[in-house]
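Quick notes on the structure that follows.
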Amino acid sequence: MTAFSSDFLRIVHERGFVDACTHTEELDALLSKEVVSAYIGYDCTAPSLHVGSLVSIMLLRWLQKTGHRPFVLMGGGTTRVGDPSGKDEARKLLSDEAIAANMTGIKGVFSKYLTFGDGPTDARMVNNADWLDGLGYIAFLRDYGPHFSINRMLTFDSVRTRLEREHHLSFLEFNYMILQAYDFLELARRDGVRLQMGGADQWGNIVNGVELGRRCDGLSLFGLTVPLITTASGAKMGKSAQGAIWLNEDQLPAYDFWQFWRNTEDADVGRFLRLFTELPLDEIARLEALGGAEINEAKKILAHEATTLAHGEAAALAAAETAKAVFEQGGVGEDLPTVTVDAADLEAGIAVPALFTRAGLTASNGEAKRLIKGGGARLNGAAINDINRMITAADLSGGEIKLSAGKKHHALVKVA
RNA sequence: GGAGGGGUGGUCGAGUGGUUAAAGGCACCGGACUGUAAAUCCGGCGGGGUAACCCUACGUUGGUUCGAAUCCAACCCCCUCCA
């Protein structure tokens with residue numbers, strides 16, 4: 001591997017953040033010489049970001065830590081068009097209201113990882129709707145259309161796969177890459193941004209921006225992509241029983257976030273420690289070398305570090321305490337999801353399946369019944385085998401009832 | 001505008017009149033084994049009901065039929081070729 005003179009490139013290479021880079025050596029020289037502004041764009045297709053975006057967020061964090069300036073680009077304008085990259089069929093169009101609401105949710109995430117402000121290395125957030133919404137069609141076509149070759153555009157992965165699979169690709173989506181390229185040019189002009197980063201699936205879009213900058217303004221722009229992170233089993237990261245692993249606490253409690261990392265596969269521990277924590281590499285090497293059951297210690301550290309970044313150390317410690325109580329001592333923890341029931345309801349008795357569903361452990365009464373039949377439901381740690389069992393105040397243990405669906409999903413029931 | 005092909009559950013994909021809540025794969029959930037891991041094996045996987053059973057679902061809306069995902073009509077959407 002090349003020796004880098006810039007801290008940023010050296011660190012992100014060592015830690016496994018880099019998939020591809022346009023002109024590594026020139027970029028390294030630039031980063032060594034001056035404060036570089038770099039950006040990553042984010043879709044506004046969901047109300048929060050999930051761990052799939054965390055690699056790129058960590059990348060921005062390292063950028064800032066090594067003395068450069070991160071820009072977070074909200075795709076308020078481009079989300080209205082829809083990025084065809086990595087999708088083999090057309091996405092649904094979102095309403096403007098939904099996009100605005102999603103943007104608000106996403107903004108909150110970044111403040112945990114980056115320092116925003118007006119200083120030279122303070123992060124800034126921009127919204128491409130600010131310039132895209134006001135574009136005039138003819139003027140835009142005349143100014144930038146000549147720089148794009150249809151022949152070339154047709155060879156880009158996002159376009160080619162659609163064509164090969166004979167899936168529909170609308171003209172609207174076909175324009176996406178032009179708009180994203182224009183974003184880069186616009187940011188370069190406005191704020192002197194020199195580097196665009198993103199996921200590996202963004203390579204084509206990023207390269208387009210680099211080329212547009214050179215053709216229009218003779219700018220020397222750079223692109224860098226991070227690899228798509230999958231688990232050692234080959235699955236995309238971030239899936240779980242309850243759905244995506246969101247970074248917003250109101251979408252996913254810190255305890256569940258902590259549990260996600262705690263349950264990392266053995267084979268992923270080292271890689272994840274490098275990507276999702278800021279522990280020194282020699283420490284990670286030591287943790288990674290742990291064998292057998294000892295690797296669980298490494299997973300706890302991973303969970304602690306990642307949760308501390310996302311939700312703060314207090315939340316991480318609370319999650320760890322709860323996990324310890326629940327898994328290592330078979331008890332209950334403060335941080336478990338909790339539902340409250342009326343005392344009157346409990347006096348009258350609540351059917352077990354209904355209570356599991358109310359606690360959010362199952363999606364329907366039928367699912368709860370199947371869970372009970374399959375032997376996966378437990379009440380205060382004891383297996384339930386009777387579907388018809390009623391839960392009453394007599395089941396209260398220390399003023400609460402602990403329900404478990406499987407070994408990893410627990411909830412507390414308290415009386416209102 | 002014309003011709004042909006297609007739209008099935010979270011997803012991929014069978015299924016051309018009844019025994020089809022709809023094969024199979026994947027994903028996901030539970031159990032066993034473990035280390036809150038992986039792999040493997042077993043079970044589950046639309047909703048409601050203790051149950052008999054009832055409801056909802058195969059692009060949409062109507063129709064034929066005792067009975068339709070399956071046949072017919074109109075409409076919507078996608079693909080390919082032609083103009």
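Protein chains get the first letters and strands the later ones, always in sequence-line order, with residue 1 at the start of each. Below, each value reflects all heavy atoms present in this structure, side chains not excepted, and no hydrogens, waters or symmetry copies.
Across the C1' atoms, B:G59 and B:C54 are found 27 Å apart, a figure rounded to whole Å. To the nearest whole angstrom, the two C1' atoms, one in B:C41 and one in B:U34, are 14 Å apart. Between B:U16 and B:G7, the two P atoms lie 13 Å apart (nearest whole Å). Rounded to a whole angstrom, the distance from the P atom of B:G10 to that of B:C45 is 15 Å.
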Contacts table for residues 363-376 of chain A: side-chain donor-acceptor under 3.5 angstrom, sequence neighbours left out:
from   : atom 1 : to     : atom 2 : distance (Å)
A:S364 : OG     : A:E367 : N      : 3.1
A:N365 : OD1    : A:T357 : OG1    : 3.2

Scan the side chains in residues 338-345 of chain A for donor-acceptor partners under 3.5 Å anywhere in the protein, sequence neighbours excluded, and list what turns up.
from   : atom 1 : to     : atom 2 : distance (Å)
A:T338 : OG1    : A:L336 : O      : 3.1

Would you tabulate the side-chain donor-acceptor contacts of residues 397-405 of chain A under 3.5 Å, counting partners in other chains and residues two or more places apart, or write 'none'?
from   : atom 1 : to     : atom 2 : distance (Å)
A:K402 : NZ     : A:G331 : O      : 2.8
A:S404 : OG     : A:H410 : ND1    : 2.8

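Annotation: salt bridge (charged side-chain N to carboxylate O under 4.0 Å, His left out) contacts of A:R214 (sequence neighbours excluded): none. Residues passing the ring-ring contact (aromatic ring centres under 6.0 Å, His included) test with A:H23, sequence neighbours excluded: A:F222. Shown here are the salt bridge (charged side-chain N to carboxylate O under 4.0 Å, His left out) partners of A:D19, two or more places apart in sequence or in another chain: there are none. Take A:E186 and apply the salt bridge (charged side-chain N to carboxylate O under 4.0 Å, His left out) test, not counting sequence neighbours, and it matches A:R190. Every residue meeting the salt bridge (charged side-chain N to carboxylate O under 4.0 Å, His left out) condition with A:K65, not counting sequence neighbours, appears here in chain and number order: A:E278.
Heavy atoms from other residues, nucleotides or ligands lying under 6.0 Å from CD of A:E283 number more than 12.
A straight line from CZ of A:F356 to C1' of B:G48 spans 19 Å, rounded to a whole angstrom.
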At a cut-off of 3.5 Å, list every protein nitrogen or oxygen paired with a nitrogen or oxygen from nucleotides 41-43 of chain B, distance to 0.1 Å.
none

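Of all nucleotides present, none satisfies the Watson-Crick or G-U wobble test against B:U50 with each distance under 3.5 Å. In this structure, B:C75 and B:G59 make a Watson-Crick or G-U wobble pair, each of the two defining distances being under 3.5 angstrom.
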inquiry  = Run the salt bridge (Lys or Arg N to Asp or Glu O under 4.0 Å) test on A:E321 and A:K324 for me, step by step, so that the C-alpha distance in whole Å, both residues' side-chain angles and the decisive distance to 0.1 Å come before the verdict.
reply    = CA-CA 5 Å; A:E321 275 307 308; A:K324 190 175 179 186; 5.3 Å; no
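In the region residues 296-312 of chain A, proximity to RNA chain B at under 4.0 angstrom, judged on heavy atoms, holds for A:N296, A:K299. Against RNA chain B, the stretch residues 380-392 of chain A makes heavy-atom approaches under 4.0 Å through A:N388.
Which of B:G47, B:C29, B:G31 sits closest to the side chain of A:R378 comes down to B:G31. Here the nucleotide nearest the side chain of A:K369, chosen from B:A37, B:A32, B:A51, is B:A51. Out of B:G48, B:A38, B:C29, the shortest distance to the side chain of A:E265 is found at B:A38. In this structure, the nucleotide among B:G47, B:G35, B:A37 sitting nearest to the side chain of A:N263 is B:A37. With B:A37, B:U36, B:G47 as the candidates, the nucleotide lying closest to the side chain of A:D266 is B:A37.
A:H68 has its side chain within reach of A:L31: a pair of non-hydrogen atoms, C-beta onward, lies under 4.5 Å apart.
Nucleic acid contact class of A:A405 (heavy atoms, under 4.0 Å, all strands): sugar-phosphate only. Residue A:R370 is classed as a sugar-phosphate contact, given heavy-atom separations below 4.0 Å to backbone atoms only. Backbone-only engagement by A:T264 is indicated by non-hydrogen atom pairs under 4.0 Å involving sugar-phosphate atoms exclusively. Looking at heavy-atom distances under 4.0 Å, A:Q259 makes contact with a base. In this structure, A:N365 reaches the sugar-phosphate backbone alone: every heavy-atom distance under 4.0 Å involves primed, P, OP1 or OP2 atoms, never a base.
Along RNA chain B, the nucleotide nearest A:K373 and the nucleotide nearest A:A267 are compared for position; the residue whose nucleotide lies closer to the 5' end is A:A267.
A donor N or O paired with an acceptor N or O is not found under 3.5 Å between the base of B:U36 and the side-chain atoms of A:K324.
Listed by first and then second residue, the ring-ring contact (aromatic ring centres under 6.0 Å, His included) pairs that reach into residues 374-405 of chain A come to none, sequence neighbours excluded.
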